[in-house]
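Notes follow the structure.
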Protein chains: 2
Amino acid sequence: MPKVGMEPLRRRALIDATISAIGERGSLDVTMSEIAGRAGVSSALAHHYFGAKDELLLATMRHILAELTIDMRRALQSAGSPRERVSAVVAVNFSDIQFQPETIAAWLAFYVEAQKSSALRRLLRVYARRLHSNLMSGLTGILPRSEADRAAEATAAMIDGLYIRRALKDGVPDAATAIALVEDYLEIKLGGRQTQ
Amino acid sequence: MPKVGMEPLRRRALIDATISAIGERGSLDVTMSEIAGRAGVSSALAHHYFGAKDELLLATMRHILAELTIDMRRALQSAGSPRERVSAVVAVNFSDIQFQPETIAAWLAFYVEAQKSSALRRLLRVYARRLHSNLMSGLTGILPRSEADRAAEATAAMIDGLYIRRALKDGVPDAATAIALVEDYLEIKLGGRQTQ
DNA sequence: TTTTTTGTTGATTGACGGATCAATAAAAAA
DNA sequence: TTTTTTATTGATCCGTCAATCAACAAAAAA
């Protein structure tokens with residue numbers, strides 16, 4: 001059956017399988033066999049393409065980040081005013097794809113793993129910085145820089161916090177409620193200001 | 001060397017060792033031997049007192065929760081007005097003991113593990129509810145109930161979010177900054193209101 | 001003193017899982 | 001056609017670790 005050009009397909013299938021396996025288990029200790037099985041291949045093949053398990057996990061995280069980046073870019077393009085930019089960033093973080101319990105479980109698991117893996121830690125910092133700067137791209141049009149910075153920090157923290165609470169399946173059930181909470185904060189924080 | 005009455009001492013030592021081991025590693029996969037070693041006993045003894053590893057982890061989480069409860073009670077007792085109560089709750093969550101990277105790493109790890117262990121999940125829900133109701137004990141004196149509820153939700157989320165960011169060692173370096181962010185939110189949210 | 005209870009460990013078992021490797025086969029290149 | 005490259009797997013090795021157990025020691029009870 002071996003057809004040439006399988007590599008990219010297999011890599012992608014393995015990454016998808018990794019996401020769903022992690023999402024279902026709620027943690028990173030899924031076996032290579034489990035992942036490979038879901039992707040319809042043997043565990044040996046997973047090792048063949050990714051070397052070690054760490055590499056596969058890292059590649060998976062990169063993939064998730066890349067998708068988020070794409071969504072974010074699209075959302076920001078169709079945002080006009082600074083205020084709209086801020087809301088767009090918030091909305092993307094709570095969009096259907098990002099706010100699913102599975103995806104969130106994966107995020108959480110990666111956060112923990114980042115304590116051990118410096119490569120993963122670096123990746124997550126990239127995400128954190130990007131979220132911050134995306135928020136700033138709107139906020140700096142409304143608040144003076146230092147205040148904008150603090151507002152971005154607070155907003156980011158609130159988003160992360162709502163993610164965690166979602167993972168616990170306690171309180172804050174849906175995306176709409178989550179968005180409302182963040183927007184409420186933004187409204188009272190930015191409401192009075194003119195959009196420069 | 002065997003002296004009678006060791007059980008409570010050993011249990012406590014093992015729990016302390018568990019916390020520090022988890023804190024250092026940043027995740028729950030520390031071995032029983034590692035924990036037992038830190039406590040100065042053999043792994044067999046850890047099993048003797050706690051049965052399985054799960055039990056030890058659960059007991060450890062219970063211990064952490066219990067300490068937080070004590071701190072919280074003390075802080076709330078010396079708070080007069082509703083507004084002070086809210087600030088007290090915030091302050092406790094960012095107190096030296098609670099806001100150490102080690103403790104936070106442990107929290108995070110337990111959050112992930114909760115996906116697998118229903119007993120742990122139940123415990124964390126208890127914590128979430130308690131935080132919520134502690135916040136409410138102050139907020140209901142300032143805002144109408146439904147608004148207070150939302151404010152408590154937002155505040156709790158922000159606290160959790162700041163915890164995570166601390167674990168990543170990115171942004172929000174110290175407790176003072178974290179408190180300032182939450183207090184800023186509370187101020188603009190509650191500032192205008194009379195304390196009933 | 002003898003017996004029982006409490007405390008403790010070294011050694012061992014058994015399972016699981018990451019990683020490796022030799023072997024197979026189709027396709028592409030020579 | 002022969003050779004090399006690409007795709008793929010079953011079987012296996014090896015390390016780790018939770019859990020168990022038999023055995024020993026000190027104190028308390030009988």
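Throughout, a chain's letter reflects where its sequence line sits, starting with A, and its residues are numbered from 1. Fair warning: this is a prediction, and the values are worked out from it, not measured in the lab.
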query: How close or far is atom C1' of D:dA7 from atom CZ of A:R10, stated in whole angstroms?
result: 8 Å

- request: Mind calculating the distance between NZ (B:K53) and P (D:dT20) to the nearest angstrom?
  value: 15 Å

message: I need the CD1-P distance between B:I35 and C:dT9, as an integer number of Å.
response: 15 Å

- request: Measure from CD on B:E34 to C1' on D:dA18 and round the result to the nearest Å.
  value: 15 Å

- prompt: Do A:V126 and A:R122 touch side chain to side chain, with heavy atoms closer than 4.5 Å?
  reply: no

- prompt: With respect to the side chain of B:M6, which nucleotide from D:dT9, D:dA7, C:dG7 is positioned closest?
  reply: C:dG7

message: Rounded to whole Å, please give me the gap between CG in A:L28 and P in C:dG18.
response: 12 Å

field: First encountered from the 5' end of DNA chain C, between A:D29 and B:G5
entry: B:G5

query: From D:dA19, C:dG18, C:dT9, pick the nucleotide closest to the side chain of B:A52?
result: D:dA19

- prompt: Over how many whole Å does the gap from B:H47 atom NE2 to D:dA18 atom C1' extend?
  reply: 5 Å

message: Whole angstroms only, please: what is the CD-P distance between B:E55 and D:dA19?
response: 9 Å

field: Test item: A:I70 and A:R74 side chains (from C-beta on) under 4.5 Å apart, heavy atoms
entry: yes

query: Between OG of B:S81 and CD1 of B:I142, what distance do you get to the nearest 0.5 Å?
result: 7.0 Å

Interatomic distance, B:L45 CG vs C:dT8 C1' [rounded to whole Å]: 6 Å

message: From C-beta outward on B:E7, which listed nucleotide comes closest to its side chain: C:dG10, D:dC17, C:dG7?
response: C:dG7

- prompt: At under 4.0 Å between heavy atoms, what does B:S42 touch on the DNA or RNA strands: base, sugar-phosphate, or nothing?
  reply: base

- request: Remember a base hit wins even if backbone is also touched, and classify A:Y49 as base, sugar-phosphate or nothing at under 4.0 Å, heavy atoms.
  value: sugar-phosphate

- prompt: Quick check: does any side chain N or O of B:N134 sit under 3.5 Å from a backbone N or O of B:R130, one acting as donor and the other as acceptor?
  reply: yes

field: Note: A:R165-A:D160 ion pair, threshold 4.0 Å (strictly below)
entry: no

